[in-house]
Amino acid sequence: MWKEFKEFAFKGNVLDLAIAVVIGTAFGKIVSSLVDNIIMPIVVAITGKVDVSTLEVAIGTTTLTYGLFLQSIIDFIIIAFSIFLFVRLLMKFKRKEEPAKEEPPALDAKEELLKEIRDLLKEK
């Protein structure tokens with residue numbers, strides 16, 4: 001059982017997934033900090049107040065706090081747009097760094113001869 005677990009745990013896909021989760025968590029913190037500390041203060045400076053989480057409506061004896069839902073939607077849109085801009089920036093850098101196309105290695109005399117023999121056998 002230990003051997004099977006070790007084979008599973010150290011497969012490339014599992015390690016890649018673990019790395020992606022750790023990097024994703026760190027990236028989430030970066031995006032949250034960007035939104036909370038940079039974007040939201042700018043939005044608040046422009047619009048005055050953006051916090052709609054206190055909005056609610058009373059229906060009979062029940063209070064519907066729809067403001068929390070609206071605030072979640074606003075936060076999602078801001079975070080999604082921030083991620084979009086970040087990914088777009090990364091893709092711009094990635095396009096500039098396109099690797100040079102590798103040419104196939106030159107064939108030596110033996111390989112050329114074998115290639116010619118193969119082609120002659122195909123013709124027959």
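Quick note: numbers below take in every heavy atom, side chains included, and nothing from hydrogens, waters or symmetry partners. When a residue number appears, it is its place in the shown sequence, counting from 1. These numbers come from a predicted model, not from an experiment.
No more than 12 heavy-atom neighbours from other residues, nucleotides or ligands sit within 6.0 angstrom of CZ on R88.
L114 is linked by a side chain to side chain contact (heavy atoms under 4.5 Å, CB included) to nothing, counting only residues two or more places apart in sequence or in another chain. For N37, the side chain to side chain contact (heavy atoms under 4.5 Å, CB included) partners at least two apart in sequence or on another chain are S33. In this structure, the side chain to side chain contact (heavy atoms under 4.5 Å, CB included) partners of L120, at least two apart in sequence or on a different chain, are E123. T65 meets the side chain to side chain contact (heavy atoms under 4.5 Å, CB included) test with E56, T63, L68; sequence neighbours excluded.
Pairs of residues two or more places apart, or lying in two chains, that qualify as ring pair (Phe, Tyr, Trp, His ring centres under 6.0 Å) and include a residue from residues 24-46 are F27-F86.
Rounding to the nearest 0.5 angstrom, the gap separating the NZ atom in K3 from the CE atom in M1 is 15.0 Å. A distance of 13.5 Å separates NZ in K115 from CD1 in I117, rounded to the nearest 0.5 Å.
When hydrophobic clusters are built by joining Ile, Leu, Val, Met, Phe, Trp and Tyr residues whose side-chain heavy atoms come closer than 4.5 Å, directly or via intermediates, Y66 is grouped together with I59.
Applying the under-4.5 Å side-chain rule to Ile, Leu, Val, Met, Phe, Trp and Tyr, the cluster around L85 extends to F81, F84. Annotation for F76: hydrophobic cluster partners, listed by chain and number, are F69, I73, I77 (ILVMFWY side-chain heavy atoms under 4.5 Å, direct or chained).
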